[in-house]
Structures are given as C-alpha cells and as structure tokens.
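Chain letters run A, B, ... following the sequence lines, proteins first, then strands; residues in each count from 1.
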Protein chains: 2
Amino acid sequence: MDWERTLARAGRRLTASRRAVMQVLLEAAVPLSPQAIYERARPLHPPLGLVTVYRTLDVLVELGLLRRVHRDGGCHGYVLASPGHSHTILCRGCGQAVEFPGGEDLDGLVAQVQQATGFRVEGHLLQLVGLCPACRSPR
Amino acid sequence: MDWERTLARAGRRLTASRRAVMQVLLEAAVPLSPQAIYERARPLHPPLGLVTVYRTLDVLVELGLLRRVHRDGGCHGYVLASPGHSHTILCRGCGQAVEFPGGEDLDGLVAQVQQATGFRVEGHLLQLVGLCPACRSPR
DNA sequence: CTCACTGCAAAGAATTTGCACTGAA
DNA sequence: TTCAGTGCAAATTCTTTGCAGTGAG
C-alpha cells in the first residue's frame with residue numbers, strides 16, 4: 001500500500017527521484033525498461049539521471065516494491081509488485097502485464113520436486129505468456 | 001534425441017563450431033554463459049569465435065535443443081533441454097541445474113489463470129531456486 | 001550535522017552488425 | 001556450385017563505478 005512508508009521503514013530516504021520513478025510505474029500498464037522509465041520520469045524531475053534510475057530500481061526491487069520481469073529480448077522490465085506473493089502474465093500482443101495470485105497449485109508442485117530431486121526449494125520464478133482478451137478478438 | 005538430426009531437419013548445417021558448442025553443453029552440469037561456453041569450446045575448435053557462439057546458441061534455442069536460463073546477475077545461461085516439456089531447478093550453492101518434468105499441477109494453475117484473467121495462456125517460464133542435497137549438508 | 005543519495009563522465013559488460021571469405025550439402 | 005555459416009573488428013546497447021556536491025532526516 002504505502003510505498004513511502006516501506007522506504008522509510010527500511011531506513012531509506014524519500015527523494016524526488018524516487019517519487020518520479022515510482023509515479024511512472026504506478027501509472028504504467030506495461031513493464032518498462034530502465035531506459036523507458038528514465039524517459040517518462042524525467043519530465044517529472046528534470047535533473048534525474050539514468051544512473052539514478054538504475055540505482056533506484058535496485059533499491060525498490062530489494063524492498064519488494066517492484067518486480068523484475070525477464071524478457072527474452074535481453075534487458076529487464078520492471079513492474080509494480082502487489083503486496084503478497086503473486087506472479088505475472090505477459091501479453092504477447094500489447095505487452096501488458098497482469099498479476100495473479102501465486103496459487104497453492106505451485107505448493108503441490110514444489111513438494112513433488114523436493115521429493116524427486118532432494119533439493120530444498122527456496123524460491124521460484126513463474127511467468128506466463130499469452131494473449132489478453134483485447135488482443136485475442138479483433139485484428 | 002539426435003540433435004544433429006534436428007539440425008538437418010531444420011535445413012541447418014552441421015559444422016565444427018556447432019559440434020563444439022553442443023559437446024560442451026552435453027557435458028556441462030551447470031548452465032553456462034556464452035563466454036564460458038566459448039572458453040570451453042575453443043580448445044575443441046580453435047578458430048571458434050565468441051560471435052559464433054552467440055549465433056549458434058540462438059539457433060539451438062530456436063530449435064528447442066537448448067534452454068535459456070534467466071539469472072538475476074544479468075547475463076543468460078544455457079543448458080541442454082531434454083526432450084519433452086520440463087523445467088529447471090537451480091542450486092543456489094553450486095549452481096547446478098536439474099530438470100524435472102513439467103507436472104500437470106501447472107495445467108491446473110494455467111486453467112485457473114485463464115479463467116481469472118481472460119488471457120489465453122500460450123507458454124510459461126518456470127524456474128525454481130533452492131539448495132541441492134550436497135549443498136544442504138554442512139560442509 | 002551526517003551520510004544516503006545524486007548527477008556526470010567514464011569504464012565495463014554483454015550482445016549485435018557489416019563484410020568478405022570458407023566450406024557443408 | 002551455392003548460400004548458410006564464420007571470424008574479425010567495430011559498433012551498440014545495457015549496466016556499473018568513481019567522485020565530489022547536495023539535501024533528507
């Protein structure tokens with residue numbers, strides 16, 4: 001909910017740069033690259049530098065406020081992370097990202113894998129790809 | 001099963017460079033970066049260039065012979081993709097990758113997500129992280 | 001007041017491209 | 001013979017670092 005609070009609780013400072021970056025992502029419907037975030041955030045805070053965007057994203061991901069999305073293209077995208085554990089589905093057509101709850105289905109799979117491999121599973125990365133309703137219908 | 005056959009069937013040529021890259025990955029227990037593959041494959045075929053490794057990896061991934069593994073570190077790793085659909089669990093300790101069958105558990109989740117979001121799910125990326133049996137034991 | 005945060009310039013990785021030559025089919 | 005495949009060098013991203021100035025707490 002209150003990302004500024006999360007920042008403060010972690011002993012981090014609330015700056016104009018961080019506000020600008022967060023505002024861009026709060027309004028984005030699509031995962032954005034650091035470069036794209038920079039371009040959109042700059043108008044909100046002209047002195048902003050790309051370097052600061054990178055540093056800010058690292059901090060926000062670390063605090064769990066953002067989620068890093070992997071793209072085969074090469075570079076990473078960033079989206080808002082909803083509180084709680086969830087995953088992302090990406091639309092192949094328009095690129096929008098929608099989150100969905102983790103689901104206990106995964107717990108079953110994890111237990112099964114632990115049993116089969118002897119690994120202790122600590123975390124996972126699940127990302128779906130598909131077509132959203134809008135991109136499915138007209139052409 | 002026979003990767004050379006898969007290559008040929010796709011109208012691709014079987015070259016010394018590709019043999020070297022595949023041989024390295026056939027023997028690797030860990031996902032390797034393009035750079036690492038280059039270093040290990042070069043002795044097998046000295047004229048090999050890093051550029052060719054990149055181009056070869058793209059082809060092999062496209063043919064489904066290799067799997068791209070995403071790492072937070074920044075660059076990609078590549079591992080052999082077993083025939084059939086499966087996923088990977090990565091050991092946080094030693095970096096080894098083990099494959100496990102996809103599991104139908106995911107089908108349930110996929111159906112659930114399609115229902116909830118209206119997306120048509122076409123594919124997914126699932127990667128687990130944990131500790132393998134060896135790394136779990138106190139060293 | 002302090003020290004986390006910032007911008008800038010520059011360095012460092014990772015990956016791609018242009019081009020002429022080579023060799024698998 | 002023919003064109004996919006290749007090596008090299010150079011160009012492009014993408015991301016991180018060093019450093020001195022600035023401002024949030």
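- Base engagement by Arg55(B) is indicated by at least one non-hydrogen atom pair under 4.0 Å involving a base atom.
- Across all their heavy atoms, Gly49(A) and Tyr38(A) have their closest contact at C-CE1, 3.6 Å.
- Rounding to whole angstrom units, CG of residue Leu32(B) and C1' of dA14(C) are separated by 16 Å.
- Residue Tyr54(A) has no polar side-chain atom (N or O) positioned under 4.0 Å from OP1 or OP2 of dT16(D).
- Between the Gln114(A) side chain and the Val121(A) main chain, a donor and an acceptor come within less than 3.5 Å of each other.
- Straight-line distance from the NE2 atom of His45(A) to the C1' atom of dT22(D): 11 Å, rounded to whole Å.
- For the residue pair Pro133(B) and Gly118(A), the shortest heavy atom distance occurs at CG-O, 3.5 Å.
- As a whole-Å value, the separation of Leu7(A) CG from dG25(D) P is 9 Å.
- Mapping Arg12(B) and Leu50(B) onto DNA chain C via the closest heavy atom, the residue that lands nearer the 5' end is Leu50(B).
- As rounded to whole Å, 15 Å separates atom C1' of dT16(D) from atom NE2 of His76(A).
- Counting to the nearest Å, the C1' atom of dC14(D) and the CZ atom of Arg68(A) are 13 Å from each other.
- Taking atom OH of residue Tyr38(A) and atom C1' of nucleotide dT6(C), one finds them 13 Å apart after rounding to whole Å.
- Residues Gln35(B) and Tyr54(B) are not in side-chain contact: their nearest non-hydrogen atoms beyond the backbone lie 4.5 Å or more apart.
- The nearest heavy atom of DNA chain D to Gly11(B) and to Gly49(B) marks one nucleotide each, and the one closer to the 5' end goes with Gly11(B).
- Checked against dA25(C), dT6(C), dT16(C), the side chain of Leu14(B) finds its nearest nucleotide in dA25(C).
- Whole-Å rounding puts the Glu4(A) CD to dA24(D) P distance at 13 Å.
- Residue Arg18(B) has a polar side-chain atom (N or O) positioned under 4.0 Å from OP1 or OP2 of dG5(D).
- No hydrogens or angles considered: nothing links the side chains of Tyr78(B) and Arg67(B) as a donor-acceptor pair under 3.5 Å.
- Distances shown here put every side-chain N or O of Thr15(B) at or beyond 4.0 Å from the OP1 or OP2 atom of dG5(D).
- The CZ atom of Arg13(B) sits 12 Å away from the P atom of dT2(D) (whole-angstrom rounding).
- Comparing Pro34(A) and Ala16(A) along DNA chain D, the residue whose closest nucleotide (by nearest heavy atom) sits nearer the 5' end is Pro34(A).
- With dT16(C), dT16(D), dT6(D) as the candidates, the nucleotide lying closest to the side chain of Val51(B) is dT16(C).
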